[in-house]
Amino acid sequence: MADKAFANNVLIKTIEQLNSQQDWFEDYSNIFKSLFDEGKFDNQEEIYNAVMQGVKEL
Amino acid sequence: MIKSILIENLRGISLKTSIDLNNKSLVIFGENGKGKSSIIDGIEYALTKDIKYISTACREVSLQKHAPNIAASFQDIKVQVEFKDGSIISNNQEPEEGTLAFNLKNSMGGNINILRRSQLLNAIFAQPKERYDMLKQFLPLTIINEYENSLKGTLDEFKHNLKNLKAEIESKKRDVQAVLNIKDLSSVTVENVIKILKNRCEELELDELKNLDEVPNYIKKVENNIEKIGNINYDSDIRYIMELLEEMVNKKPPTYFAEIIFNSINSQLDLKQKEKIVFYEEFLTTGIKWLNEESKSICPFCESSIDVQKVISRVYQRIEENSAYSKIKKEFQSNYNTLQEELQHWQDLLIKIRKINQKINDEEVEQLCKIIDDNIKKFIDLLPNSIQDNIIERKLPEWPNIISENAINLKKKYSGKLLSGDTVNKIKQLINFKHTLKIVNDSFIHINKMTDDYNFVNKGYLITNQFYKELVSQRKSCVQDIYNEIKEDINIYYNKMHPEENIGGLDLKVKDSSSRGSAIIKANFYEKSGEDPRAYYSEAHLDTLGLAIFLALYKRECKNNKELRFLILDDVFTSVDAAHRNNIINLLFSEFKEHQLIITTHDVVLYKEILELEKLYGGNGKFRNIEICDWTKEEGPILDDTKSEFEKLTETFMNHRVDKNVLASVSGNFLELILNKLRYSLELAIPARYGERYTIADIWNKLYSKLRKNNEFYGSNSNVLDDIDRYKFLRNTNGCHYNEWAQSVSKDEIKQLTKQVRSFYELVYCNKCCSLIKKINNNEDYQCNCATLNYKKNYSINDQKVS
């Protein structure tokens, strides 16, 4: 539980920081947020496919 | 809070070892190698399904192989920790949802609750990166680390794919480089390529090529151009057939080789001689066969016994001596092979000519082939198969001259149809150029596609990399927040362990440059500040520094998860002197008074100090003490929790200033402890009670009745038993609650109870083997493990005791 809360906190701060940068789109953040929310954060293949799908759609 | 622990077949523990803590803190004393750490291993294994110092030791050491007791297998391990609410966490049973065991399993997984001495020194002496890894297990980093590792792995996959795409692009560029003869790979650009192709077009007097998009259509243009100039394929075919005809004309006819065979045989032997030699050899060869096949041992002519191997060897010698014939035979074979090869060559030549004639379709060529075919067959049919064949009387077939004449005529016919040398050169240059254009076109189609793919994957890589870097940076920042959060506690704890020493000012920092993570420790040492403590601190100071950090992390975690309040410290005070140890124990007992502590030590002085301090922090109501008397391979650690309690009782008894009610309480508690143990060892049948909470009365009456029936026990010690029976009520009247009436009980009466309880202990507990008496047979005879204490039920005064 503590691990999940800690990871969530780190993720929120990461996204906040990135979203404030000009070369970054919120849609990019959503890719990584979704992966975390869906519990796919430990699956390399899922991350790769999600990022490539995101790049394709954007 | 842990209620009980059960361990079986793990590490140094063989037989079932159970410890009933009843939610109290526990101090375990035992010399080195007596199984203290095995008990902690059992708790760790039950909580985390892991024993870290084993699973991370080295490749050769594993849980599967080395966690079980040496006499057991991995499947035999049984570890179980029961919590206050009755829920259980064990190695083979999942806890029920909503219980303490379940909540613990889903929290830090027990890592934060256990500290071993080896971890202390590792944490301090390690490099910042390794130290971070050590501390990591006490931080809530599991999930974020999994995410980081997966992202790192994804980045590696991106890099790998980008590398492959780059290599494919370069490979295609190399094809273009080779076909256009460009010096550097970097010069293979669209501009350079189009420039080179334009020059080639100019050289070949072709229309201008404007850009690479035009190339597919331009290839068709070049093809049309080639067709207009001449049919180069037809020209190649007739050039090839002319080469084959030339070979035919120059080739020696098979007649030449057949005559060599004929001459060599007939010039050297006449027919009669030949027949004789052949017969002689056949005779000898048949003889060898006969000797071998029939395993003869008697000569067929003289019927005397023979040595078969020797005879065979002599016969072979004879055949060899018949050399004239052997020489001719070898010669024949060689010439015969040459003729065969020649005929095969002619046949191969025919195949080649017929194949090319399929394209040019000339009947004259086919007629020539038929003539050659028929004549080859004649030779094959008439050839001698062996020297035995009589070829002398046969006529050799002829090889007709028409073959050579027709070949010469055909050659003349085709020479008039050849394209000129300049035309052929021009066509070849154009064909070459067409080939070049095709390679350039195909390569650039690939290069363009793969460059698009590369850019696409690279975008994914850049996004993931940016996210990963920021995530690492934020994780480090959050870890630093935790370090900052615990900084105050670390310093408070450290100052309590080392009061009035001019050291401290401890700080933990995450190193910025490390991507994985690192923990730098800074400390003050007299006038020096912000120093690495390893440079100035003693081993004990470093040990306690590690302990202070661990305790601060543990406390922080407990704030978030109140159910985690149990702390296990395995031999962590070894290097610390008596004064500092006192400080540490005081710190633990005061700062963590609401927590359950499990402390192990091999130091008897420290153990006594802890027992002393226990009195200040709740005494028996709060602590349990267990001594490990011995360890055997067959049983494991032999536990005893009565000796230290007995010492406490004795001390209280000897203290003349002690309040009579306190004395009653301590005596009652001790009697209750002994009775609970005798209940099992003497196998008393007591009606079950919820939670096994038995009072003195529950057990005493049954025990008293049994011991009275044991002649040897009761005969010599009736006064002890009878006095306890008389005064046992004092435990409740004076030892438990305030009772007006009980104040009339005199201290002497209570002292009498204490005295007899102590005597009773000495009667049932053997100091030699550290065991209580137990039932040894159905006759209700009792004795200790080593039989020093021995009480026979039917003992009579006339029996002699053997000491």
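Proteins come first, then strands; the chains are lettered A, B, ... in the order of their sequence lines, and each starts at number 1.
- A distance of 11.0 Å separates CD1 in A:Ile12 from CD in B:Gln474, rounded to the nearest 0.5 Å.
- The backbone N or O of A:Tyr48 lies less than 3.5 Å from no partner atom in the side chain of B:Thr154, so there is not a single donor-acceptor pair.
- The candidate with the highest count of non-hydrogen atom pairs below 4.5 Å against chain A, out of B:Asp156, B:Leu155, B:Leu141, is B:Leu141.
- Listed here is the closest heavy atom pair of A:Val55 and B:Phe456: CG1-CE1, 3.5 Å.
- Taking 4.5 Å as the limit, every side-chain heavy atom of A:Phe41 sits out of range of all side-chain heavy atoms of B:Ile144.
- With a threshold of 4.5 angstrom between heavy atoms, B:Tyr461 does not approach chain A through any atom at all.
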side-chain contact (heavy atoms from CB on, under 4.5 Å) between B:Tyr147 and A:Val10: does it pass, once the steps are laid out?
CA-CA 11 Å; B:Tyr147 202 4; A:Val10 173; over 6 Å; no
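- Contacts between A:Lys56 and chain B at a heavy-atom distance below 4.5 Å involve backbone atoms as well as side-chain atoms.
- Minimum interatomic distance between A:Gln44 and B:Ser150 (heavy atoms only, all atoms of both residues): CG-O, 3.6 Å.
- Using a 4.5 Å cut-off between heavy atoms, A:Leu11 contacts chain B through both its backbone and its side chain.
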How far apart are the C-alpha atoms of B:Phe467 and A:Ile31, what are their side-chain angles, what is the distance that settles it, and do they pass the side-chain contact (heavy atoms from CB on, under 4.5 Å) test?
CA-CA 10 Å; B:Phe467 179 78; A:Ile31 299 170; over 6 Å; no
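- Rounding to the nearest 0.5 angstrom, the gap separating the NZ atom in A:Lys13 from the CG atom in B:Asp481 is 5.0 Å.
- For A:Asn8, no part lies near chain B; criterion is any non-hydrogen pair under 4.5 Å.
- Contacts between residues 21-29 of chain A and chain B, defined by a heavy-atom separation under 4.5 Å, are made by A:Gln21, A:Asp23, A:Trp24, A:Tyr28.
- The closest side-chain heavy-atom distance from B:Leu139 to A:Phe6 is not below 4.5 Å.
- Using a 4.5 Å heavy-atom cutoff, the side chains of B:Thr464 and A:Phe32 are in contact.
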Distance-only donor-acceptor hits, side chain of residues 446-455 of chain B, under 3.5 Å, sequence neighbours excluded:
unit_1	atom_1	unit_2	atom_2	d
B:His446	ND1	B:Asp442	O	3.3
B:Asn448	ND2	B:Phe444	O	3.1
B:Lys449	NZ	B:Asp453	OD2	3.3
B:Thr451	OG1	B:Ile447	O	2.5
B:Asn455	ND2	B:Thr451	O	3.2

